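The structure presented is a predicted model; accordingly, all values stated were derived computationally and were not measured.
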Amino acid sequence: MTTRPPRLHPGRRRSSRSVSRPAALLLAFVLLALLPTTARADDPPVPPPSAPAARSTVAAMQPGWNLGNTYDAIPDETSWGNPPVTRALFKKVRSQGFKSIRLPVTWGIHQGAAPAYAIDPAWTAKVRRVADMALDEGLYVLLNMHHDSWMWVNTLPADHDTVLARYRATWTQIAAEFRDESPRLLFESVNEPTFSGTSGDEENYRLLAELNRVFHGIVRESGGRNANRLLVLPTLYTNADSGRIDALAAELVALHDPMIATTVHFYGWWPFSVNIAGYTRFDATSEQDLTDTFDRVHTAFVSRGIPVIIGEYALLAYDHNRPGIIERGEVRKYFEFLGDAARSRRLTTMLWDAGQFLDRGTLRWRDPELFGQIRSSWTTRSGTASSDTVFLARSAPVGARTLTLNANGTDFQGLRHGSRDLVRGRDYTVSGDRLTLTAEALTELAGDRAYGVDATLEARFSRGVPWRIDVISYDVPVLSDASGDTAGLTVPTQFRGDRLATMEARYDDGSNAGPASWTAYQQWDTAFTAYTDDAVKLTPDFVKSLKDGSEVTLTFHFWSGTSVTYHVVRSGDTVTGTRA
């Protein structure tokens, strides 16, 4: 990932924070993504297959893990909150089933001036040390040039000779440093390549092909084990659209090197991945987007004997520090589906982890249940359900509740509460894919009906990991009047056991309000947040986007199915909020 807004999906700082984009580009993304993929007028060239050694190496790297927010961090490895790397970290990663690491490195901030562009020897030694530690633990290592892509490589169109000279100097030094390193070390030419001020994609493709060709020549000519080292080439933006894939296929034809692999990144259907436009669930649209993406790279490369590495995958807005942007069960469904889709298409995946999955300080998974889901997806499918919550309104008698089971090729085995198996026929019934919890069982599970989670069930299947179901008592949330300014508006909120899913914003004439004017359902973090148990906050971006003097009706949609309306008016630099 990158620290500036990239091309076809919003970027984020390595803390996983999403970045807002111009409304027109947002709308264009959604519309284009909904259109069917069309064939190019001319069929792309068919690249030759990679060597068996290349294919076996990439297969042996599955699954992989990114050492994110570390050696790519600016200016140093601890700058974005992660501790220094230790051998214990790689022992942990290896023990959890990972076979490879991707080592993102930003080189440019550690370089001297032209013409040598000498890399600080201390920095090179630090990178060498961490690569050696990982290799010593039996891991494959994919070493790259990371944030350089947008810090200086992107200016290639306007300053071609200078940038190319620096690119040559940088890779010449990297290749020399690692020329005799283990064959389990791979080189990746550049992360998420992007270019500023070009005339369009055809120029972008030509520039990337030039960089990849220079990279390839430098490494191969440096000798030693580099003469036959496996090299990894990205598509433009590391994106898997058809045009990007076809352009890379043409590069492979021109290089005609059997020790080449390709790479793309994947962070999910963008509206779901950042919670905008009402895409709060991993639904059929998100599934189809993932399927189409993985099918394209499989058809273009894997089916022709060219290995593919999904060099980064996760969700753009997933972060342990900001719970709720994407609902927990929907996150699990996404990773379960992705793991199966990659495995069935023989794609090697490398989880992007900037510290949001593995706590580098404690060497423990921040969400063990989620990691269990991810790890299980490497080898098999797991059953899920339409939801991982059952909400019970305290204002009404407890009634039966029904969920839809997604068996995913497994067999449903039963429900468990703690160490007790629930009784089929008495506590629950199953009819086809419909799981119904009886009113009697839910009444017992709800107990004293305190707000929040009263009980947690496990739906067990014949394979994979159990599916968690929380039984939650709630009442309709209560929002209070509030006042603020262009720095934002904090709305005191009694959530009363419920959880916010999304926020809809409209003016009285029915038009959309908020930074994302193309949709009424605004983006979490860009327009609003709800990270505490006492308030919903409207961001400065949201407040500043409002028309002066025009009332906005906000509809807060909660995961119980409840909706609450609220009114906001901006008058100059003052904003007021009132309960509907």
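Each of Thr502, Leu500, Thr280 was checked for a side-chain contact (heavy atoms from CB on, under 4.5 Å) with Trp559, and the lone residue meeting it is Thr280. For the side-chain contact (heavy atoms from CB on, under 4.5 Å) test with Val390, the passing option among Asp470, Ile472, Leu403 is Leu403; the others fail. Between Phe98 and the choices Phe357, Trp378, Tyr140, the ring pair (Phe, Tyr, Trp, His ring centres under 6.0 Å) rule is met once, by Trp378.
Using a 4.5 Å heavy-atom threshold, the side chains of Val297 and Ile245 count as touching. Thr238 is not listed as a side-chain neighbour of Glu312, based on a closest heavy-atom distance of 4.5 Å or more. Put simply, the side chain of Leu370 does not reach to within 4.5 Å of the side chain of Trp365, judged on heavy atoms. Using a 4.5 Å heavy-atom threshold, the side chains of Tyr474 and Thr562 count as touching. Here the side chains of Ile109 and Trp123 are not in contact, with every heavy-atom distance at 4.5 Å or above. Within the 4.5 Å cutoff, side-chain heavy atoms of Thr78 are placed close to those of Pro84. Considering only heavy atoms from C-beta on, Arg281 stays 4.5 Å or farther from Phe272 through its side chain. Considering only heavy atoms from C-beta on, Leu315 stays 4.5 Å or farther from Glu330 through its side chain.
The main-chain N or O of Tyr521 is found under 3.5 Å from a side-chain atom of Thr519 such that the two form a donor-acceptor pair. Using a distance-only test at 3.5 Å, with no hydrogens or angles considered, no donor-acceptor pair links the side chain of His320 to the main chain of Leu358. One N or O on the side chain of Ser382 and one on the backbone of Val465 form a donor-acceptor pair closer than 3.5 Å. No side-chain donor-acceptor contact under 3.5 Å links Glu192 to the backbone of Ser149. Not a single donor-acceptor pair under 3.5 Å links the side chain of Trp171 to the backbone N or O of Val219. Judged purely by atom type and a 3.5 angstrom limit, Ser273 uses its side chain to pair as donor or acceptor with the backbone of Leu316. Put simply, the side chain of Asn66 gets close to the backbone of Leu351: a donor and an acceptor are under 3.5 Å apart. Panel note: side chain Thr493, backbone Val491; a donor-acceptor pair is recorded below 3.5 Å. The backbone N or O of Ser286 sits less than 3.5 Å from a side-chain atom of Asp283, completing a donor-acceptor pair. Judged purely by atom type and a 3.5 angstrom limit, Gln356 uses its side chain to pair as donor or acceptor with the backbone of Ala354.
Aromatic ring orientation, Phe556 versus Phe558: tilted (interplanar angle from 30° to 60°). Between Phe187 and Phe215, the ring planes are perpendicular. Angles over 60° get that label, and only those under 30° would be called parallel.
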Start with the C-alpha distance between Asn406 and Thr384, add both sets of side-chain angles, then the distance that settles side chain to side chain donor-acceptor pair (under 3.5 Å), and finish with yes or no. CA-CA 5 Å; Asn406 307 313; Thr384 66; 3.1 Å; yes
Where do Asp411 and Gln413 land on the side chain to side chain contact (heavy atoms under 4.5 Å, CB included) test, with the steps shown first? CA-CA 6 Å; Asp411 296 319; Gln413 302 287 293; 3.8 Å; yes
Go through it in stages, so that I can follow the logic: the residues are Phe266 and Asp289, the test is side chain to side chain contact (heavy atoms under 4.5 Å, CB included), and I'd like the CA-CA distance, side-chain angles, deciding distance and then a yes or no. CA-CA 10 Å; Phe266 188 76; Asp289 175 73; 3.7 Å; yes
Set out, in order, the CA-CA distance, both residues' side-chain angles and the distance that settles side chain to side chain contact (heavy atoms under 4.5 Å, CB included) for Leu415 and Leu437, then state yes or no. CA-CA 10 Å; Leu415 287 177; Leu437 290 158; 3.5 Å; yes
Asp541/Thr539 under side chain to side chain donor-acceptor pair (under 3.5 Å): CA gap, chis, key distance, verdict: CA-CA 5 Å; Asp541 284 349; Thr539 67; 5.2 Å; no
Apply side chain to side chain donor-acceptor pair (under 3.5 Å) to the pair Asn144 and Tyr71, showing each step before the final yes or no. CA-CA 10 Å; Asn144 80 349; Tyr71 290 93; over 6 Å; no
Take Trp65 and Gln96 through the test side chain to side chain donor-acceptor pair (under 3.5 Å) and record every step on the way to the result. CA-CA 10 Å; Trp65 178 84; Gln96 299 301 289; over 6 Å; no
For the pair Phe282 and Val331, evaluate side chain to side chain contact (heavy atoms under 4.5 Å, CB included) and give the outcome as yes or no after the intermediate values. CA-CA 8 Å; Phe282 183 63; Val331 171; over 6 Å; no
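Qualifying side chain to side chain donor-acceptor pair (under 3.5 Å) partners for Trp152, counting only residues two or more places apart in sequence or in other chains: Asp148. Residues satisfying the side chain to side chain contact (heavy atoms under 4.5 Å, CB included) test with Asn154, not counting sequence neighbours, are Thr194, Ser196. Every residue two or more places apart in sequence or in another chain that forms a side chain to side chain donor-acceptor pair (under 3.5 Å) with Thr389 is listed here: Ser387.
Comment: Glu181 does not engage Arg229 in a salt bridge, judged by the lack of any side-chain N to carboxylate O separation of less than 4.0 angstrom. Using a cutoff of 4.0 Å between basic side-chain nitrogens and carboxylate oxygens, Asp136 and Arg87 are scored as salt-bridged. Taking the charged nitrogens against the carboxylate oxygens, Arg328 and Asp388 do have a contact shorter than 4.0 Å, which makes a salt bridge. Between Asp498 and Arg496 no salt bridge is recorded (no basic side-chain N to carboxylate O distance below 4.0 Å). Of the charged side-chain nitrogens involved, none lies within less than 4.0 Å of a carboxylate oxygen, so that Lys333 and Glu336 do not count as a salt-bridged pair. Salt bridge annotation for Asp359-Arg366: present, with a cationic side-chain nitrogen under 4.0 angstrom from a carboxylate oxygen.
Taking CG from Asn82 and CZ from Arg360, the interatomic distance works out to 4.0 Å, rounded to the nearest 0.5 Å. Taken to the nearest 0.5 Å, the CG atom of Leu67 stands 5.5 Å off from the CD1 atom of Ile101. In this structure, CD1 on Ile469 lies 13.5 Å from CZ on Arg401, to the nearest 0.5 angstrom. The distance from atom OG1 of Thr70 to atom CG of Asp72, rounded to the nearest 0.5 Å, is 6.5 Å. Here the CZ-OG1 distance, from Arg343 to Thr349, works out to 10.5 Å after rounding to the nearest 0.5 Å. Note that CG of Leu143 is 6.0 Å distant from CG of Leu185, once rounded to the nearest 0.5 Å.
Residues Tyr267 and Trp352 place their aromatic rings such that the two centres sit no closer than 6.0 Å.
For the pair Arg244 and Tyr237, the NZ or CZ position fails the cation-pi test of under 6.0 Å to the six-membered ring centre and within 45 degrees of the ring normal.
No more than 12 heavy atoms of other residues, nucleotides or ligands shown are found within 6.0 angstrom of CZ on Arg364.
Phe178 and Ala131 get closest at one heavy-atom pair: CE2-CB, 4.2 Å. Contact between Val85 and Glu77 at its shortest, heavy atoms only, is N-OE1, 3.3 Å. Residues Ala385 and Trp467 share a closest heavy-atom pair of CB-NE1, 3.4 Å.
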